[in-house]
Amino acid sequence: MNTISVTFPDKTQRTYEQGITPLAIAESIGPRLAQSAVAAEVNGIVRDLTVPLSENSQVNILTGESPQGHEVLLHSTAHLMAQAVKELFPDAKVTIGPAIQNRFYYDFDIEGTFSEEDLRSIEAKMKEIARRKLSISRKELTRQEALNLFSSMNESYKVEILEAIPEDDIISAYSQGDFVDLCRGPHVPDTGKIKYFKLLDSSGAYWRGDEKNKMLQRIYGTAFATKQGLKDYLYQLEEAKKRDHRKLGKELELFTFDEEVGPGLPLWLPNGTILVEELESLAKETERKAGYLRVRTPHLTKGKLYERSGHLEHYKDSMYPAMDVDGIDYYVKPMNCPHHHKIYAALPRSYRDLPIRLAEYGACYRYEKSGQLFGLMRVRSMQMNDAHIYCTQDQFKQEFLDVCKLYLYYFKIFGIEKYEMRLSLHDPAELGGKYINAPELWLQTEQAVREALQEGNLNYTEIPGEAAFYGPKIDVQVWSAIGREFTLATNQVDFAIPERFNLTYTDEAGHEQTPLCIHRAPLGTHERFIGFLIEHFGGDFPLWLAPIQVAVLPVSEKSLAYAREVQSLLIEHNIRADLDTRPDKIGAKIRQSELKRIPIMLIIGEREARDRTVSLRRRFEGDLGSVNMDTLIPRFVEEIKQRRLPHRKTR
RNA sequence: GCCUACGUAGCUCAGUCGGUAGAGCACUUCCUUGGUAAGGAAGAGGUCACCGGUUCAAAUCCGGUCGUAGGCUCCA
């Protein structure tokens, strides 16, 4: 019998008989490894544990705790669920069931829907099948065999998938007991490997994600290699719910929605308004230093402007319908750009004036489809920290880089560590169609953007074919504590202006030239940004943002007069201070302030009144002892001015 | 927009078989004047989302509308 040499990740080598399976290798290393193995990475490819090895190989036995192993486990759990569904609902047709981040789903075509009880009984059936320890085996089929098999099973979706598989791909099916599924694999060797799982929820999902197709029923679930892993994940989901900006927004009285006002139209309560205005101050201060000029424009505009801008042609579905004013169509604005272009065009411009950076906290209205609305993250009325930079070709790279640096400046202030910049490029094949036909301009600008990013040492990924119709763009993705991904900031280059708005400047030689326009919103919209911040900070805002910065808490009415003095002193120094005059005990007042997540508490009893001091208590730090107000106030003022982050880690 | 679920006091939520509305917190008043996460008592607070239907009788059953949530799709 021939032998082969197997190399392990730690570079050790062992010799085995040719045809040995990774499972047998795992057994030879130790029973515990064999027990927890779910798949094997053979020469860099994740494979089934039961595939025999025919040649010298590098082998990494994967347990369900490795990322690749976890994916296999999740995928196999999806199959287990499909088997359970087929046993309970024989008429259900299976479609696809992939693993996603920490979860899996499977889409079924059934009559009606899955109820909560259905999920429970499916889960119970899954446990039962898992206990049967059915071995999971792979079989490679010819296209015709596969078509015959799935046609005979009446699995029309599988037949449809088969028809779309390219000619030379290997077609494989996995079976466990009576259940057979068309699948590329790999899978765990038997259902007994699947121990710790939970079905999370069900919902509708279109076949192939296309709303023209039939609505299928999707079930989401999760699975882990260990009991603790599952427990931790479910705990994490619970914790994430506590940080949900909609829940915190209510608890901390930041914003509200009202049925009579309308969906997606947030009302900012006084506490939330403080957040909005602090962000505005930050942006105004930053932009003033960066040479931006502030402008203001109306909310209503004639349709003619949006014909010129191209919005009515490309964007009409997302605009509120026109209102008729004296026989002329007027629209509420969905974007500020056309107005800013008009401001640029209002005066003759020389190359000496450029770059011109026009900034506005402009309110916009977009008609989002009702199903898209989501708390503050997706709304119909919004305010953007918008600006448009008009510059020459020569100035473009520097201007673009400066904008990107602005992002980083803001991210540092907010302690945003995880973000991703996505550079969306045009697709040359669609010039003149999806993209305006200016091939040289595209290439030249995209290259300038790349260089700007590289010079700024910014990490980014390139996404071909995702640019706006008028130019390349950078979107900045961030992830909220709940794990939702959001496009917060955007930075776009606009080529469409020259032809549509006739914007010009006079160059050194006295010739008319067309400027480039950069459209940028580093904080995106107030609504989404604050929604994100609420989740990012879990409601514990840094001092400069906290709606109530200081709670003044008198121990009893005897020290109320001095407490009032302290509050006035704080307010004089522009510190937002609340005074708790309720006849509660000090413990209760502290609890209330803690629940409201007020960062600083000043406790004032007779001792403090006598010594003219305060007892300082900070959230997450507790009692910090008695301090003189004269030393305390400059410290608070400085912390606010520098916009320092809280001591505690925010994520 | 589509699928599904949900909508009861300011908030969080009970409410059985259809028989006319409940708790905790918050709020108001009173007692208590206290020392670092809940002192005590009383009171007030509801068109059970809205509209219609079935019924002697609807928070409860049925239909519609509005809103919210989880998805699908799309985006700041």
Side-chain angles (χ1 to χ4, degrees), chain A residues 105 107 112-116 200-220 241 244 246-247 250-251 253 256-264 315 317-318 334-336 364 366-380 382-386 468 473 475-478 485-492 519-529 531-532 553-560 582-596 601-608 615-619 621-626:
Chain A
Y105 67 83
D107 289 346
T113 60
F114 292 113
S115 66
E116 297 270 322
L200 298 170
D201 45 24
S202 65
S203 65
Y206 298 106
W207 167 234
R208 296 197 154 152
D210 188 335
E211 62 186 350
K212 289 185 207 78
N213 287 340
K214 185 166 183 190
M215 175 77 68
L216 307 171
Q217 293 303 312
R218 173 174 298 182
I219 302 178
Y220 284 94
K241 273 188 203 161
D244 191 311
R246 293 164 298 185
K247 183 175 152 66
K250 205 178 264 182
E251 282 172 14
E253 297 174 16
T256 189
F257 290 91
D258 186 283
E259 218 173 294
E260 285 191 52
V261 174
Y315 203 75
D317 287 348
S318 298
M335 290 181 186
N336 303 304
C364 297
R366 297 182 187 174
Y367 180 74
E368 298 289 346
K369 288 193 277 180
S370 63
Q372 320 286 30
L373 300 175
F374 173 70
L376 283 182
M377 301 295 198
R378 195 70 181 270
V379 292
R380 285 178 171 171
M382 70 210 78
Q383 220 183 334
M384 280 192 280
N385 79 115
D386 212 354
K473 63 172 180 174
D475 289 318
V476 184
Q477 307 296 120
V478 294
E485 180 187 335
F486 289 97
T487 305
L488 264 198
T490 184
N491 190 2
Q492 309 180 345
H519 170 127
R520 42 114 280 178
L523 299 178
T525 65
H526 280 324
E527 286 73 15
R528 185 175 288 182
F529 197 77
F532 171 79
L553 309 178
V555 173
S556 78
E557 279 174 30
K558 289 180 186 162
S559 38
L560 186 55
R582 294 172 311 166
D584 276 325
K585 282 187 158 183
I586 190 65
K589 291 181 185 178
I590 289 169
R591 182 164 192 276
Q592 278 309 309
S593 300
E594 290 280 357
L595 289 176
K596 285 197 254 174
M601 281 165 252
L602 299 181
I603 289 137
I604 287 168
E606 291 180 83
R607 259 201 322 271
E608 286 76 18
S615 173
L616 174 65
R617 181 190 164 96
R618 287 198 72 140
R619 205 161 143 70
E621 293 176 66
D623 188 354
L624 298 170
S626 283

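Numbers restart at 1 for each chain; the letters A, B, ... are given by sequence-line order, proteins then strands.
- Among the atoms of the strands shown, only primed sugar atoms or phosphate atoms (P, OP1, OP2) are found under 4.0 Å from some heavy atom of A:Gln492.
- The nucleotide whose nearest atom lies closest to any side-chain atom of A:Ser370 is, among B:G1, B:A37, B:G34, B:G1.
- In the set B:G35, B:C3, B:A76, B:C3 carries the atom at the smallest distance from any side-chain atom of A:Gln217.
- B:G7 and B:A14 are spaced 9 Å apart, taking the P atom of each and rounding to whole Å.
- Among the protein residues, A:Arg218 comes within range of the sugar-phosphate backbone only, with heavy atoms under 4.0 Å from sugar or phosphate atoms but none that close to a base.
- The residue A:Glu527 sits apart from the nucleic acid: no heavy atom pair falls under 4.0 Å.
- Nucleic acid contact class of A:Ile603 (heavy atoms, under 4.0 Å, all strands): base.
- Atoms CG and CG, from A:Leu523 and A:Asn385 in turn, are 4.0 Å apart once rounded to the nearest 0.5 Å.
- The separation of B:U20 from B:U60, taken at their C1' atoms, amounts to 12 Å, rounded to a whole angstrom.
- For A:Lys369, taking side-chain heavy atoms from C-beta onward, the closest of the listed nucleotides B:A37, B:G35, B:U73 is B:U73.
- Note on A:Leu216: nothing from the nucleic acid sits closer than 4.0 angstrom, heavy atoms only.
- Looking at heavy-atom distances under 4.0 Å, A:Met382 makes contact with a base.
- One C1' atom belongs to B:U32, the other to B:G15, and the distance between them is 36 Å to the nearest Å.
- Per the geometry, CZ belonging to A:Arg378 stands 13 Å off P belonging to B:C72, to the nearest Å.
- B:A44 and B:A49 are spaced 24 Å apart, taking the P atom of each and rounding to whole Å.
- Counting any heavy atom pair closer than 4.0 Å across all strands shown, A:Gly375 reaches sugar-phosphate atoms only and no base atom.
- Using a 4.0 Å heavy-atom distance criterion, A:Lys589 is classed as making no nucleic acid contact.
- A donor-acceptor contact under 3.5 angstrom links the side-chain atoms of A:Tyr206 to the base of B:G1.
- Atom CE of residue A:Met335 and atom CZ of residue A:Arg366 lie 4.5 Å apart, to the nearest 0.5 angstrom.
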Working note: A:Glu594 + A:Met601, criterion side-chain contact (heavy atoms from CB on, under 4.5 Å); need CA distance, chi angles, decisive distance, verdict. CA-CA 9 Å; A:Glu594 290 280 357; A:Met601 281 165 252; 3.2 Å; yes
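- A sub-4.0 Å separation between OP1 or OP2 of B:C11 and a side-chain N or O of A:Lys247 is absent.
- When distances are taken from the side chain of A:Gln372 to each of B:G34, B:G1, B:A76, the shortest belongs to B:G1.
- The nearest pair of heavy atoms linking A:Phe374 to A:Arg246 is CE1-NH1, 3.2 Å.
- The nucleotide whose nearest atom lies closest to any side-chain atom of A:Val379 is, among B:G7, B:A76, B:G34, B:A76.
- B:A58 sits 31 Å from B:G43 when the C1' atoms are compared, rounded to a whole Å.
- Minimum atom distance to the side chain of A:Arg582 is reached by B:A26, of the listed B:G67, B:A26, B:G70.
- When each of B:G34, B:C66, B:A37 is scored by its nearest atom to the side-chain atoms of A:Arg619, the top-ranked nucleotide is B:A37.
- Taking a pair to require two hydrogen-bonding distances under 3.5 Å in either a Watson-Crick or a G-U wobble arrangement, B:C30 pairs with B:G40.
- Taking the side chain of A:Arg366 as heavy atoms from C-beta on, and the options B:C74, B:C2, B:A76, the nearest nucleotide is B:A76.
- Across all strands shown, B:A58 forms no Watson-Crick or G-U wobble pair with both key distances under 3.5 Å.
- Across every strand in view, B:C17 sits unpaired, with no contact that passes the Watson-Crick or G-U test at under 3.5 angstrom.
- For the pair A:Glu260 CD and B:A49 C1', the computed distance is 11 Å after rounding to whole Å.
- The partner of B:G63 is B:C51, by the rule that a Watson-Crick or G-U pair needs both atom distances under 3.5 Å.
- Contact annotation for A:Phe374: backbone-only contact, meaning every heavy-atom pair under 4.0 Å involves sugar-phosphate atoms and none involves a base.
- Put simply, NZ on A:Lys558 and CD on A:Glu606 are 4.5 Å apart, with the number rounded to the nearest 0.5 Å.
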Pairs: protein N or O with nucleotides 38-44 of chain B N or O, under 3.5 Å:
{"from": "B:A38", "atom 1": "N7", "to": "A:Arg591", "atom 2": "NE", "distance (Å)": "3.2"}
{"from": "B:A38", "atom 1": "N7", "to": "A:Arg591", "atom 2": "NH2", "distance (Å)": "3.3"}
{"from": "B:A38", "atom 1": "N6", "to": "A:Arg591", "atom 2": "NH2", "distance (Å)": "2.6"}
{"from": "B:A38", "atom 1": "N1", "to": "A:Arg591", "atom 2": "NH1", "distance (Å)": "3.1"}
{"from": "B:A38", "atom 1": "N3", "to": "A:Arg591", "atom 2": "NH1", "distance (Å)": "3.4"}

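- Looking at the side chain of A:Ile590, the nearest of the listed nucleotides B:A37, B:G35, B:A76 is B:A37.
- Nucleotides B:C13 and B:C17 are separated by 23 Å at their C1' atoms, to the nearest Å.
- Nucleotide B:C75 holds its P atom 18 Å from the CG atom of A:Asn491, rounded to whole Å.
- A residue-by-residue look at A:Thr487 and A:Ala205 shows that A:Ala205 has its nearest nucleotide of RNA chain B further toward the 5' end.
- The nearest pair of heavy atoms linking A:Gly605 to A:Val555 is CA-CG2, 3.6 Å.
- Closest approach of A:Ile586 to A:Pro554, counting heavy atoms only: CD1-O, 4.0 Å.
- Base pairing of B:C2 is made with B:G71, judged by Watson-Crick or G-U wobble geometry with both donor-acceptor distances under 3.5 Å.
- Atom CZ of A:Arg617 is separated from atom CG of A:Asp623 by 7.0 Å, given to the nearest 0.5 angstrom.
- Among the atoms of the strands shown, base atoms are found under 4.0 Å from some heavy atom of A:Glu368.
- Within the model, atoms OG1 of A:Thr490 and NZ of A:Lys473 stand 6.0 Å from one another, a figure rounded to the nearest 0.5 Å.
- Comparing A:Arg528 and A:Leu624 along RNA chain B, the residue whose closest nucleotide (by nearest heavy atom) sits nearer the 5' end is A:Leu624.
- If you take atom P in B:G67 and the same atom in B:G45, they sit 31 Å apart, rounded to whole Å.
- Side-chain proximity of A:Tyr220 to B:C72, B:C3, B:G35: nearest is B:C72.
- Pair check for B:A23 finds B:U12; Watson-Crick or G-U wobble, both atom distances under 3.5 Å.
- In this structure, the separation between CD on A:Glu527 and CZ on A:Arg380 is 14.0 Å, given to the nearest 0.5 Å.
- In this structure, A:Thr525 reaches the bases: a heavy-atom distance under 4.0 Å links it to at least one base atom across the strands shown.
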